[in-house]
Amino acid sequence: MFSSFMITLREGIEGFLVVAITLAYLRKTGRAYLAGAVYAGVGVALLASWGASLVFARAENQPLWEGILALVTAVLVVTFTVHVLRTAKFLKRAIEGRLEQAAAQGGAWAFVGVFAFTVLMITREGMEAALLLSSTFIQTETRPFFIGALLGLVAAGVLAVLWARYGHRDRKSTRLNSSHPYRS
């Protein structure tokens with residue numbers, strides 16, 4: 001239960017972060033009309049991830065496939081960790097740069113570009129979650145596994161809503177605090 005909870009919580013937060021950065025950037029650059037492409041991309045990515053989970057589930061009780069999935073999972077976790085250590089400081093800028101390229105096309109191409117960007121980014125997180133979950137499902141009882149996964153997604157959603165609601169700075173209070181004579 002704990003492993004499926006942590007997997008869906010982590011991947012859910014990563015997915016929500018990508019969506020939040022994307023939507024904030026589109027609003028900031030006056031392209032809020034492209035938000036529909038983001039939501040459509042999330043829907044398609046969720047369907048693709050679900051399809052991948054069905055394919056990965058076929059490996060259950062097949063030692064060769066279980067071994068291959070465990071190896072691929074380990075490689076993904078290691079490469080993801082290395083990638084995050086190298087690019088964490090520049091993640092927001094990288095996402096914004098790719099979005100700028102996609103949205104700069106204008107018209108229908110902008111919609112398609114933002115849609116494709118969202119599908120690729122969210123599907124990557126969903127596939128990683130599906131792969132990690134499929135390798136841990138083999139070692140867990142069904143009911144606790146699904147309860148943990150559902151609770152992880154709910155927790156990630158609650159964190160995303162709280163972050164969207166309370167995660168911004170109040171410019172007025174920030175300005176007042178920065179001009180305080182005793183602050184450095």
Sequence neighbours excluded - ring pair (Phe, Tyr, Trp, His ring centres under 6.0 Å) pairs with any residue from residues 140-159: F137-F145, F137-F146

So, taking the atom named [atom1] in [X] and the one named [atom2] in [Y], what distance separates them when rounded to the nearest 0.5 Å?
X	Y	atom1	atom2	answer
L17	L159	CG	CG	11.5 Å
M121	E14	CE	CD	9.5 Å
M6	M1	CE	CE	12.5 Å
T22	R31	OG1	CZ	12.5 Å

Do [X] and [Y] share a hydrophobic cluster (ILVMFWY, side-chain heavy atoms under 4.5 Å, transitive)?
X	Y	value
Y33	V19	yes
V42	L9	no
V38	L34	yes
I122	I13	no
L153	L54	no

[X] to [Y] - nearest heavy-atom pair and separation:
X	Y	answer
S4	A149	OG-N, 3.3 Å
M127	A48	CE-O, 4.1 Å
A156	T8	CB-O, 4.3 Å
F16	A160	CG-CB, 3.6 Å
A129	E11	CB-CG, 3.6 Å
S49	G126	OG-CA, 3.1 Å

message: Can you tell whether the side chains of R10 and E128 come within less than 4.0 Å, N to carboxylate O?
response: yes

query: If only atom types and distance count, is the side chain of T123 paired as donor or acceptor with the main-chain N or O of L120 below 3.5 Å?
result: no

